[in-house]
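The structure under discussion appears below in the form of structure tokens.
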Amino acid sequence: MSASLSRTDLSPSPLSQSSSSSSSRSSHLKRSPLDKRQLTNILPAPADIENLRNKYFDILRYLDARVSITLWHQLEPFLENVYSKTQPRNGRIYYHCRWSKEHKSELAIRDRKRLGASQKTALHCPVTSLVAVIEEGYIRFEFPKKKPEEWPEHNHSLDWCDRQKINKAVRDALFQEVVKGYEVASILKMFTGEWQKDNRIHLERCGGKHLSLKHIHNVGRDFRKQNKSKKRYGNQEEWEQQLATALRFLQQEESWFYRQISAIRNLDSEQSNALVFAERDRIKTLCRRGYLTLMDSTHCTNKLGWFLFTLVVRDEQGSYIPCAHFLTDNEDGDIIAAALKVVKEWTGGTAGWRLRWMLTDDSAAEQRGVRLAFDNEDECVGHLLCTKHSGNTLDRNLSGPNKKEARKHMYTAMYTRKTRIGCQDSVQQAIDSLPSEKDKAYLRNNWYNSLDSWAMCVRSHSCILLQVSIFPFLVEAEISKV
Ligand SMILES: [Zn+2]
């Protein structure tokens, strides 16, 4: 018991070691909306897209080929990584292979080298011109000023183009998902068929065989460049205006506590902003049942992209009750602490909200926020980590068949072992079973010394801690609907 209270130092929790706090939180939150998605809906393509791409890549070999304007407009984005075009003139559209450009000036070549352009990008493909002649709703293609038998062929394959550049159709589909705020890793999984095998097949047919995280990051970067004010897609107003509207609404409602706050971030001295709000009756529930409080933040609940934090308790009937909320533009410990202090003040201080245990997921910021907000209490507030998130972190960091044994021991340590010594024993067994020194060190440094935050055995003194070991997903689902 007493050992669990000493965890107020800055030693990393097992979970904050993971790539980032928000990524794992969102992985379970966002996985559900994406894992059932059919790529054919997100990236609609003409039937037989694979053959059409191959055919129109090599269109100069099909002398009499004609295509309806409608179909060509659908196809064009799928071949955008092959052809660039100029404005149509006199019923003609002028294309050229984008890998045909010659770099005339020496300076340009030097610049390209400096910028790290590969030699392959200066490919001098002979398809320097391709004219699309529009006739009666149809398009046919020709190479100007040459007889059909002299028409050139690309000196590269279509697959090579796909490797160099992701076509516009796929990029647009990615963009749609990025602006919704989904994580790049989840988007990649969805596109490459992690959850739906058909998605991978469709993606390859559409020319996205070589899609990687980097491409999605680039799409995201372009989006952020255009949206520097952190506005989400479809958002019209600045955050100050939206906050004012929210405050006006809360003013009319007598049953709400609310306050606008800000805090200076320790990390970089930037200001974070937040709106804290809670219904008066719910604050009473927090006073009555706040011994164990759960806190989690949810993404994608508003157009500003602010995070919605919710404090949840379990009432006498075993129902989870959201008691207080705050919306923040950043997820740092300083603003979280400031918001928690406001909620504490509304409950009448420590006499009101008798917080003894806080359960959160693996966010280092949340842990820091709780520590800052409750460091003056007579009795320390213990910090518990959601076992579901802990398990996810383990699975991620100890993935693969040769670490199966270690995972088994770690799950035994987390759920089954009844004593601290037994639990430590299981962690030791897990360490011993690992072949690599790096993995051994990971368990030793991040798990062995922080049993108090993740092992069930140290929670056995209070029934409620054993019953409530994960953030209730139903509550989470409800909150995200709001
Ligand atoms: Zn070419």
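Below, each value reflects all heavy atoms present in this structure, side chains not excepted, and no hydrogens, waters or symmetry copies. Whatever order the structure lists ligands and atoms in, that order sets their numbers, starting from 1.
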Item to check | Which N, O or S atom of H154 lies nearest to the Zn ion (ligand 1), by name | outcome: ND1
Checklist entry - Between the side chains of Q429 and H409, is a donor N or O closer than 3.5 angstrom to an acceptor N or O? => result yes
Next on the checklist: Check this for me, if you would: do E76 and K85 make a salt bridge, where the nitrogen-to-carboxylate-oxygen distance has to be below 4.0 angstrom?
Outcome noted: yes
Checklist entry - Is the distance between the Zn ion (ligand 1) and the nearest N/O/S atom of C161 smaller than 2.8 Å? => result no
Item to check | D162 with R53: basic N within carboxylate O range, under 4.0 Å | outcome: yes
Item to check | H156 atom (N/O/S) at minimal separation from the Zn ion (ligand 1) | outcome: NE2
Checklist entry - Side chains of N273 and S262: is there a donor and an acceptor less than 3.5 Å apart? => result no
